[in-house]
2 protein chains.
Amino acid sequence: MSGDKPKTYSIKELACDFGVTPRTLRHYEDQGLISPERQGQNRIYSAEDRVRLAWILRGKRVGFSLSEIGEMLDLYDLGDGREKQRAVTAERCRDRIRALEAQRDDINATIEELQEFSELISNLKRDKKKGVWIRRDTGQPLQKYEP
Amino acid sequence: MSGDKPKTYSIKELACDFGVTPRTLRHYEDQGLISPERQGQNRIYSAEDRVRLAWILRGKRVGFSLSEIGEMLDLYDLGDGREKQRAVTAERCRDRIRALEAQRDDINATIEELQEFSELISNLKRDKKKGVWIRRDTGQPLQKYEP
DNA sequence: ACCGAGGTTGACGTTAACGTAAACGTTAAC
DNA sequence: GTTAACGTTTACGTTAACGTCAACCTCGGT
């Protein structure tokens, strides 16, 4: 009735859906990040695999290595479920969060500096007499890094 | 009076100040990211070099490659200062900003998911009868990824 | 004179994350 | 039946960002 054909994907389908190559997916499998089912030899990817892959790729975009991503995915598998183990898992989770927050701060700082700089050079003009660059807003001449 | 000894740094000083190795600094120099002065053979790093290095390392932390960082540093040197060139520079700047903002969104999404998950496993408890995990808050059993 | 602590330049090694190519099997189309 | 389009495994190649090591200089101290 409802779950007749849960929609699966071939390796190439899934790959170009996400803008990567089949080789990449096989590589992720070698690293234990995804384990699609098989029809004979061929890999069959499920909707869950899609979600996992999305996670992996976002992990990559924010700068994690494959093994780090592997660890994080392992967290989702909850280990053996013992209390202690779960406490460790939760703590690792929070570590990651802290690292990500620090990274976000870095990004914000970088954005700000780029923003300032972009505005600076957009507002720059030439003082014909002195042959020097000055800022249209403050009228100040350019300090460091004069061209 | 004011600028007597503008404070310089040896390679090792600067390196451990930033928690990297001298080799790393030489490598960055090979890639054209910093060009310290020389006293004979020895490298002498200035305060400006320090700032540059800080920029480089933050660039790394947010996931840029050395060559990308190189391009960004080149931006600061303003090319030859021609109008067109400066327009290009400013646009590239804004491109970078957009990329960084996208990355920040990714980070935020990842943080949120980790947060949710961390809370989930902290609130998890065992249903002795059924031998299954349920959530302390909702009372719901665990769905996907059961251990 | 000698040593150790710092510096230098090669140059080769390593790791991660794939790319690329070879050699092969399967299925659908012509 | 053969060609094309897909898949498979195995294995070597590549790039980035350094690590590591050798072989050397040079300076202040004892």
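So you know, we letter chains A, B, ... as the sequences are listed, proteins then strands, and number each from 1.
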Trainee: For A:Lys12 and D:dT8, give me the distance from atom NZ to atom P, rounded to whole Å.
Mentor: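 Taking NZ of A:Lys12 and P of D:dT8, I get 12 Å after rounding.
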
Trainee: Just to verify, what does A:Asn42 make a side-chain contact (heavy atoms from CB on, under 4.5 Å) with, not counting sequence neighbours?
Mentor: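 Partners of A:Asn42 under the side-chain contact (heavy atoms from CB on, under 4.5 Å) test: none.
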
Trainee: Measure CG/B:Asn42 against C1'/C:dG7 and give the value in whole Å, please.
Mentor: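 Between C1' of C:dG7 and CG of B:Asn42: 5 Å.
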
Trainee: Does a nitrogen or oxygen in the side chain of B:Arg26 sit under 4.0 Å from OP1 or OP2 of C:dT8?
Mentor: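 For C:dT8, OP1 or OP2 has a side-chain N or O of B:Arg26 closer than 4.0 Å.
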
Trainee: Taking all non-hydrogen atoms of both residues, which atom of B:Ser122 and which atom of A:Arg86 are closest, and how far apart?
Mentor: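 Shortest heavy-atom separation between B:Ser122 and A:Arg86 comes out as O-NH2, 4.3 Å.
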
Trainee: Could you spell out the base pairing of DNA chain C as a dot-bracket line? Use Watson-Crick and G-U wobble contacts where both distances are under 3.5 Å, [ ] for crossing pairs, | for partners on a different strand.
Mentor: ||.|||||||||||||||||||||||||||

Trainee: Taking only residues at least two apart or on different chains, which pairs with a member in residues 26-66 of chain B satisfy ring pair (Phe, Tyr, Trp, His ring centres under 6.0 Å)?
Mentor: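 Ring pair (Phe, Tyr, Trp, His ring centres under 6.0 Å) check on residues 26-66 of chain B returns B:Trp55-B:Tyr76.
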
Trainee: Round to the nearest Å and state the distance from B:Ile11 atom CD1 to C:dA5 atom P.
Mentor: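 My rounded result for the distance is 19 Å.
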
Trainee: Please enumerate all protein N or O atoms sitting under 3.5 Å from an N or O of nucleotides 11-18 of chain C, with distances to 0.1 Å.
Mentor:
unit_1 : atom_1 : unit_2  : atom_2 : d
C:dA17 : OP1    : A:Leu66 : N      : 2.8
C:dC18 : OP2    : A:Tyr28 : OH     : 2.8
C:dC18 : OP2    : A:Lys60 : NZ     : 3.2

Trainee: Filter on ring pair (Phe, Tyr, Trp, His ring centres under 6.0 Å), then keep only pairs touching residues 83-103 of chain B, sequence neighbours left out; what's left?
Mentor: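 Not a single pair qualifies under ring pair (Phe, Tyr, Trp, His ring centres under 6.0 Å).
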
Trainee: To the nearest angstrom, how far is B:Leu25 atom CG from D:dG19 atom P?
Mentor: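 To the nearest whole Å, that distance equals 10 Å.
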
Trainee: Is the closest basic N to carboxylate O distance between B:Arg52 and B:Asp49 below 4.0 Å?
Mentor: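 No.
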
Trainee: Pairs of donor and acceptor atoms involving the side chains of residues 99-110 of chain A, under 3.5 Å and at least two apart or interchain, shall be tabulated with distances.
Mentor:
unit_1   : atom_1 : unit_2   : atom_2 : d
A:Gln103 : NE2    : A:Val62  : O      : 2.8
A:Arg104 : NH1    : B:Asn108 : OD1    : 2.5
A:Asp106 : OD1    : B:Arg61  : NH2    : 3.0
A:Asp106 : OD2    : B:Arg61  : NE     : 2.6
A:Asp106 : OD2    : B:Arg61  : NH2    : 3.4
A:Asn108 : OD1    : B:Arg104 : NH1    : 2.5
A:Asn108 : ND2    : A:Arg104 : O      : 3.4
A:Thr110 : OG1    : A:Asp106 : O      : 2.8
A:Thr110 : OG1    : B:Arg58  : NE     : 3.1

Trainee: With a 4.0 Å cut-off on N to O distance, would you call B:Glu29 and B:Arg26 a salt bridge?
Mentor: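 Salt bridge absent between B:Glu29 and B:Arg26.
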
Trainee: Going by an N to O cut-off under 4.0 Å, is there a salt bridge joining A:Glu71 and A:Arg92?
Mentor: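 Looking at A:Arg92 together with A:Glu71, the answer is yes, because their closest N to O distance falls below 4.0 Å.
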
